[in-house]
Amino acid sequence: MATPQAAQTIRPQQDAEPLLDCSKLVRRFGSRTAVDGVSLDVAPGETYGLLGPNGAGKTTTIKIVCGLLEADSGTVRVAGLPVRAAPGPAKRLIGYVPQEVALYPDLTVRENLLFFGRLYRLPRRRLERRVEEVLELIDLTARGEDRVDSLSGGMRRRLNIGAGLVHSPTLLVLDEPTVGVDPQSRHAIMESVRRFGDQGMAVIYTTHYMEEAERLCDRVGIIDHGSLIAEGTPRELVALVAEKDQVQLVASGDLTRYAEACRALPEVEGADVDRSDEGTVHAVVRDARSLLPRLLDLAHANRVQIRSVEIVEPDLEAVFLHLTGTALRE
Amino acid sequence: MRILAVTRATVVRIARDRGALFFMVLLPVAIIVVIGVTVRGFDQFRVGVVAAADAGPVTRDLVTTLTDDPALRTHVYPDQSTARTALRRSETDAVVVVPATLDRQAAGPGTVTLPILVAPSATNAQAAVAAVESAVADHAGRVQAARFTVAETGGAFDSRLGLAARTAAATPSVSVTQRTVNGQSSYLPLGYSYSTPTMLVLFVFINAVSNGASIVQNRQSGVYSRALAAPVGAGTLVLGETLAYLSLALVQSALIVSVGALAFGVSWGAPAAALALVGVWALVGTGAGLLAGALFRTPEQVHSIGPAVGITLGMLGGCMWPLAIVPAWLRAAGHVVPQSWAVDSWTELLSRHGGLHAVLGYLVILTAYAAGLLLLATLALRRRLASVG
């Protein structure tokens with residue numbers, strides 16, 4: 001997507017009134033509870049990631065937020081406006097980007113943007129001006145007169161996001177916008193989402209890719225079986241699994257003695273030798289980066305030659321595993 | 001504005017669909033031509049004529065009289081044997097064998113006999129003979145006038161025959177017209193006047209049903225779901241689509257009416273009644289199209305099943321052949337479908353020359369069909385849209 005023009009960076013206004021306020025949302029489909037008491041809020045300028053595996057309740061939550069589904073109980077307010085009681089004014093503030101490419105394939109890029117703009121009753125001149133801005137933002141100005149079915153998959157994804165921006169929403173809701181996208185387009189989409197947050201837009205972003213949530217989101221809510229089981233900044237969530245890193249040292253020499261020496265260090269909670277492949281010492285340590293020079297000194301002192309070092313820090317995947325006992329992509 | 005945005009998007013999309021345009025424009029006109037050419041001429045008798053090539057003016061005048069008669073479709077055979085073969089093969093209803101001596105006999109005082117051959121099994125032979133007798137009597141009148149003139153004033157028979165012909169042409173004729181009071185013609189006029197209104201009924205319906213694929217596609221692609229995230233209700237989407245389908249049905253109707261009137265000379269009867277019939281039938285098609293869009297699951301289903309349903313209903317409803325020729329039970333069954341009422345109303349308008357008052361009952365019935373279909377479609381579509389969230 002296009003580089004922003006003199007984008008003003010606005011960081012989350014944590015103390016401000018939340019732009020989106022969801023309280024105790026419950027939605028059942030027959031006997032199955034898809035959303036079970038989800039509460040979350042998003043501040044202006046904040047990018048909030050809703051992370052969870054397929055079927056966790058992310059899309060159902062998003063559809064309740066956008067007024068596409070009614071909650072059995074609970075409330076959603078956008079800028080203080082209740083979505084259920086006053087859907088019109090609240091919906092005007094929301095830009096919804098669905099998971100699928102929800103566009104008319106046989107209309108042109110420009111016609112699609114004009115169509116979605118007209119649904120928000122934008123005055124003609126403002127709409128035309130805004131369409132040009134969005135085309136520039138999603139880097140499709142040159143393809144404005146092309147039919148959507150002639151665009152590449154990545155371009156369609158960008159247009160899919162653009163169609164949610166035509167009416168200049170203050171809350172952008174993106175439901176897994178990078179599913180099935182090539183790495184280049186994925187990177188472009190993530191960069192543009194980051195810019196939307198920088199420009200003051202509140203963004204709620206669902207994904208089951210933990211690396212996206214870590215890269216993009218100011219705060220992340222982890223959802224599983226319809227319940228929000230943890231919420232916080234990525235760093236706060238990682239802290240939930242304690243600050244233990246893994247260090248893998250591929251080396252040669254007397255690795256048994258080296259592992260014993262490592263275990264003697266107070267920061268090392270465990271160290272073992274794995275001889276199945278090359279000689280490797282696995283160590284579980286606190287704050288691997290600061291401890292690494294001492295581990296290397298210890299190897300030199302024990303005449304062990306280090307060939308490679310890998311540090312594995314805990315991530316949201318580990319957090320999810322820690323909280324649910326299952327991997328995120330299962 | 002939001003309703004019109006939906007309408008505009010649908011109309012533009014369908015107008016860009018070459019397949020839809022084929023069904024909307026080319027196919028109806030092609031079928032009108034085919035059926036119009038096939039189902040025509042049943043109000044004429046096929047009459048063969050055998051006459052000597054070097055015959056005199058009396059024979060030539062008789063052949064011309066037979067050829068020009070609007071009730072006869074005349075074919076001149078080179079000899080009697082060929083004509084008899086044609087008669088045996090039912091290629092002609094009757095054959096007039098003009099004697100080689102006709103000119104000589106006509107100028108003389110005696111009676112002239114003109115043999116007419118018919119097949120014993122021909123059902124309309126007598127009617128054909130009557131039509132030939134009428135044309136021959138017309139010719140005989142001129143011959144008698146020439147004879148009378150020769151007898152009274154002298155001169156050559158041939159020149160007097162010419163004088164009689166010119167006089168007859170210049171003299172206002174006494175015509176006898178037949179008018180059926182309280183006639184119950186169950187047929188549309190044959191030719192293009194038959195094919196054009198019935199194809200209007202058939203194709204406006206089929207095309208509207210086929211266009212239902214566009215609604216199914218919107219449901220599948222998530223466009224409706226996304227539109228409902230805007231400050232737009234399901235009613236706005238349904239109304240927008242209704243206007244789009246109605247516009248397309250009216251445009252197609254206008255096209256068929258125009259092609260029928262301008263290219264094929266079809267008379268559409270009383271304008272107000274014709275306009276009302278076109279309008280209400282467009283509404284029936286709109287309801288059917290929306291219902292198809294709400295009920296079918298995939299565009300492929302619409303494209304494969306929709307036209308088949310439309311053609312079946314068209315056959316039942318008398319779009320392919322007059323219901324008057326089918327058994328009574330089938331005729332009754334046919335009147336379950338709206339097509340039969342539409343064809344009946346056009347028959348009332350075009351064959352019985354009825355006006356708006358005469359088709360009022362049909363309009364009420366068709367409006368009820370349209371209202372029922374639109375109601376069902378709206379309920380089904382709103383239900384679908386409620387579940388797209």
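Bear in mind that the values here come from a model prediction, so they are computed numbers and not experimental data. Naming convention: chains lettered A, B, ... in sequence-line order (proteins, then strands); numbering from 1 in each chain.
- Residue F23(B) qualifies as open at atom CZ: its count of foreign heavy atoms under 6.0 Å is 12 or below.
- Ranked by non-hydrogen atom pairs under 4.5 Å with chain B, the options R147(A), E70(A), E111(A), Q99(A) are led by E111(A).
- Inter-residue side-chain proximity for R226(B) and N160(A) is flagged as met; some heavy-atom pair is nearer than 4.5 Å.
- Contacts between D17(B) and chain A at a heavy-atom distance below 4.5 Å are absent for every atom of the residue.
- Distance CZ/R2(B) to CZ/R118(A): 13.5 Å, rounded to 0.5 Å.
- Here the shortest heavy-atom pairing between S225(B) and L68(A) reads O-CD2, 3.2 Å.
- No other option in P98(A), P169(A), G67(A) has as many heavy-atom pairs under 4.5 Å with chain B as P98(A).
- Note: N218(B) CG to L103(A) CG = 11.0 Å, rounded to the nearest 0.5 Å.
- Chain B forms more heavy-atom pairs under 4.5 Å with one residue of P105(A), A90(A), A163(A), P89(A) than with any other, namely A163(A).
- Residue-level contacts of residues 5-14 of chain B with chain A, in order of numbering, are A5(B), V6(B), R8(B), A9(B), V12(B), R13(B); threshold 4.5 Å between heavy atoms.
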ask   = Would V232(B) and Y120(A) count as a side chain to side chain contact (heavy atoms under 4.5 Å, CB included) if you check the C-alpha gap in whole Å, the side-chain angles of each, and the deciding distance to 0.1 Å?
value = CA-CA 8 Å; V232(B) 167; Y120(A) 290 87; over 6 Å; no

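- A donor-acceptor distance shorter than 3.5 angstrom exists from the side chain of R16(B) to the backbone of D106(A), with no hydrogens or angles considered.
- Heavy atoms of V173(A) lying under 4.5 Å from chain B are absent altogether.
- Within a 6.0 Å sphere centred on NE2 of H225(A), heavy atoms belonging to other residues, nucleotides or ligands number 12 at most.
- Of all heavy-atom pairs between A230(B) and K91(A), the closest is O-CD, 3.3 Å.
- Annotation for E100(A) and S221(B): closest pair CG-O, 3.3 Å, computed over non-hydrogen atoms.
- Residue contact with chain A, scored on non-hydrogen atoms closer than 4.5 Å, involves the side chain of Q217(B) exclusively.
- Interface remark: L122(A) contributes backbone atoms only to the contact with chain B (heavy atom separation under 4.5 Å).
- In this structure, chain B has heavy atoms under 4.5 Å from both the backbone and the side chain of Y104(A).
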